[in-house]
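Reminder, nothing fancy here: chain letters follow the sequence lines and each chain counts from 1.
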2 protein chains.
Amino acid sequence: MASEKQEVSKGLEWRIKVADGSSEILVPEAKPASRILLVLKALTVGLASKVWKFLHKAWDVGVDDPRKVIHCLKVGMALTIVSLFYYMRPLYDGVGGTAMWAIMTVVVVFENTVGATMYKSLNRLSGTFLAGFLALGVQWVASQSGNRFEPIIIGASVFILASAATFSRFIPTVKARFDYGALIFILTFSLVAVSGFRVDEVFALAHRRMSTIIIGTTLCIIVSMLVCPIWAGQELYTLIFRNMDKLADSLQGCVAEYFKDGDDADDSTDKECQKKLRGYKCVLSSKATEDSMANFARWEPAHGRFNFRHPWKQYIKIGASMRSCAYCIEALNGCINSENQASELIKKHISDICLKVSSNSSGVIRELATTIKTMKKSSNIHFLVGGMNNAVQELQVNLKALPKLETAENKPTEDQPAAPKTVAAMPLMDIIPLVTLTSLLIEIVTRINGIVDAVEELADLAQFKPASNDKCEKDDQLKNNFLPDQQKDKDSMKVFQRV
Amino acid sequence: MASEKQEVSKGLEWRIKVADGSSEILVPEAKPASRILLVLKALTVGLASKVWKFLHKAWDVGVDDPRKVIHCLKVGMALTIVSLFYYMRPLYDGVGGTAMWAIMTVVVVFENTVGATMYKSLNRLSGTFLAGFLALGVQWVASQSGNRFEPIIIGASVFILASAATFSRFIPTVKARFDYGALIFILTFSLVAVSGFRVDEVFALAHRRMSTIIIGTTLCIIVSMLVCPIWAGQELYTLIFRNMDKLADSLQGCVAEYFKDGDDADDSTDKECQKKLRGYKCVLSSKATEDSMANFARWEPAHGRFNFRHPWKQYIKIGASMRSCAYCIEALNGCINSENQASELIKKHISDICLKVSSNSSGVIRELATTIKTMKKSSNIHFLVGGMNNAVQELQVNLKALPKLETAENKPTEDQPAAPKTVAAMPLMDIIPLVTLTSLLIEIVTRINGIVDAVEELADLAQFKPASNDKCEKDDQLKNNFLPDQQKDKDSMKVFQRV
């Protein structure tokens, strides 16, 4: 009978769309039981595909940055240690007793980077101390003033201090450094003030709470610092010089892309190239990360090549100057992709010098990245900057010569009726994109000078050593030297132009 | 004797720099007591000036947005209510008992906006429920498997679940919606699992904890929703249309600033104008706020003119398209401020049409802002967009005519030996900034079309009604009508040009 029905309904099919994009045919059947089964099956498949997608995404996150997985194992480890410690000892006296505070501290304080963990730990400790003492004082005053006024004094103090501490969290300097501390201050003050009913217990309680918080924070700091530590400072530093390289790549790529012939496009290289071209977007979107990393980095002790008072704020300045450069690259990208394209002839004339400017300025950015990476003052940055600025001047000279050349070169190829010698014949519309490109290039060079200044300020503040001429370091230097760098630039440009 | 010493040391002065920038002369005296007094005085003055500055900053924060002050009072109120409730009742049984969870919940969950409070409340509730049930299950299994395996099972489960939950916080979709829930899950699971030593107490404890958390979250939600509520959705909505107005102002201001005569500069208007010019920077820097507000807004119930499933995500898209426009304005600003300035003659020729393009495109952005503000589909947006696109075409025609005009107009004034009719005489360098400006203007218009599309998508998704022709709404409409808007544009342009 079922097959009969199937035959009847052959003209009409019910399809259900499964989350993975495919669709299943829903065969209309008479038995409600089997219909329910089918619906259930479809739901299960849909759910399974959703779960599968989620797991896939999670796997990607893990593969993308394995340190995240390590961080999770670290949290698990710290929690297991503190849990079992209290689980197996007589110290334990029920949830809400001592154990709780240590576990809670570990859960709340343990963060991805050492700096963030330090920030939260120190804020938690100082907030608890300060609020605890203040609350004890208020409580003493309240207890002296008789049963009638006690709740009023307690209530008023909680109201005033909680409001004031909450307000302080809106003030930028407090928010940046003591946001969590203010929260803990409110929490502790309210708890201790309210617990005033049993003054005799309060001191013992405060002592127990403090000691467990100290145990919890110490455990967190030790685990985060000793087991595969992730330093906020190191992260910021890496982010900045990687973004610089990306900026250089996309600047050079953009210009090369504009001047490429467009004949021999290759899909596999094209994808790689497109990814490089969009590198500047990382610069545009990394402001929040830079800010928070710089905030956390100043809580970190000396580590690696960074001492305690490393000028982390300067990295924010460098980031800002890089972003101002990236804005121009964004605009450049827009103009390049717009429909108005310059005529091939004029393009050809100016392409060499434009490519030179972009290659030189990318070279400068790469040298700055190397300066930060090696933490050594570059010996040839001034030479490179000079080269870049000269190239810009050369570009301007070329632009001045452009109309002249235009006429001279146009003469043999031009077969239009208009006299090529008059200004009216000059195809201004044709050169608009090109002029925009050069103008933006010039603006970008100005902004790169801003990055150079910011990096030099960092080199002074952090006392970078000048690049030494030791034998052992020559190899390293050779790689980042002017000529090989230019060669490297040319090679990567070739890749762009080949695309 | 002291005066003798003073005379001797007249040639040499000790100055101490006070934090407010002034410096005080330290008079070397014989008595160490008075010297210490002086140092103390200087320190006190320094500290006082620091405190004063801090208070001044805090005052500014409060004046700038009085709702922040109200929020603080709300937090104080909620905390006082919950504190006194427990303080004055026999429910209270020591810190670590019931009272604690309610106070803690209020401190941790109460946020600035209703959406953020809802997000944290619901996350806290669901995280606690889920983890509590799971922990009870694990504990039962552990208790069945004998004393030897119990700590191993408990430890392993804490390790695995804490690691997994921590990892889930790295997955973008989980991070956006359930970050706090995952934290609370880890916290509750660890607490309940470790508390397993006294199974008999666990159920009573879980019940007490849940009920206090429910009391705390309910109080927070009620206070945040009823006392001067700040809705994340409303904030996002206001941010978007205010930023649009700022974008329009700075686009129009930028172009007007470029073409202004520069004769009659007035300092007081200049400041106002400079502030308007920098409006696009607000657009550049508001990505983080937009993202978090959109995240919180979806937790909010229907309020004002927004229903529960209002398409908040679309506002993020609109914000992104506005930012892509702001990048170009940033580049435009750079080119305008650069040293290469176009000759006044050419500037004059093209200024009218450039001002028209900028005024028309600002008009379009303002109309979009009005569309969002009134939540009504604009009846003349297509007309305005058409006008803007026509102006761009007119600009392109003007550009084509530019070299011709150049020669014609130059003839009488030019007294250079080079023949004005040849292309070589054409001062290309002079028109570079102008061409860049026009090119960027054209690009900006393209990107404004992107904003138009995004806003129209919002109007469809949120089912904005078409602007009605009712009598009572006519007044409102008149203000935002095409002609008066143009008039308004012209007026504000006059201000820019007068500057």
Could you tell me the separation between the CZ atom of A/Phe54 and the CD1 atom of B/Ile171, rounded to the nearest 0.5 Å? 3.5 Å
Any chance you could measure B/Lys53, atom NZ, to A/Thr173, atom OG1, to the nearest 0.5 Å? 12.0 Å
Assert top hit (heavy-atom pairs under 4.5 Å, partner chain B, pool A/Ala331, A/Pro172, A/Cys328, A/Cys72) equals A/Cys72
What distance separates A/Leu79 CG from B/Phe189 CZ, expressed to the nearest 0.5 Å? 10.5 Å
Okay, B/Val106 and chain A: the region with an atom under 4.5 Å from a heavy atom over there is neither
Side chain from CB out, backbone as N, CA, C, O: work out which of these in B/Lys57 comes under 4.5 Å of a heavy atom of chain A, or both, or neither. side chain
If one checks every heavy atom of B/Leu284 against chain A at 4.5 Å, the contacting part turns out to be side chain
Any ion pair linking A/Glu330 and B/Arg447 (charged N to carboxylate O, less than 4.0 Å)? yes
Contact list for residues 432-442 of chain B, test side-chain hydrogen bond (donor to acceptor under 3.5 Å, both in side chains), sequence neighbours left out: A/Thr436-B/Ser439, A/Ser439-B/Thr436
Tell me, yes or no, whether the heavy-atom count around A/Lys68 atom NZ, taken from other residues, nucleotides or ligands under 6.0 Å, exceeds 12. yes
Apply ring-ring contact (aromatic ring centres under 6.0 Å, His included) to residues B/Phe167 and A/His71 and explain how you reach the verdict. CA-CA 8 Å; B/Phe167 185 73; A/His71 168 68; over 10 Å; no
Can you tell which part of B/Ser168 gets under 4.5 Å to a heavy atom of chain A, answering side chain, backbone, both or neither? neither
Separation between OG of A/Ser190 and CD1 of B/Ile103, rounded to the nearest 0.5 Å: 6.0 Å
What part of B/Asn112 is in contact with chain A, defined as an atom under 4.5 angstrom from a non-hydrogen atom: side chain, backbone, both or neither? side chain
Taken to the nearest 0.5 Å, the spacing of B/Asn333 CG from A/Glu443 CD works out to 9.5 Å
Looking only at heavy atoms and a cut-off of under 4.5 Å, which of B/Ala288, B/Ser285, B/Ala162, B/Gly155 has the most pairs with chain A? B/Gly155
Quick one: side-chain contact (heavy atoms from CB on, under 4.5 Å) partners of B/Thr80, sequence neighbours excluded? A/Val158, A/Phe159, B/Leu84
side-chain contact (heavy atoms from CB on, under 4.5 Å) evaluation trace for A/Phe170 with B/Asp65: CA-CA 10 Å; A/Phe170 285 121; B/Asp65 188 0; over 6 Å; no
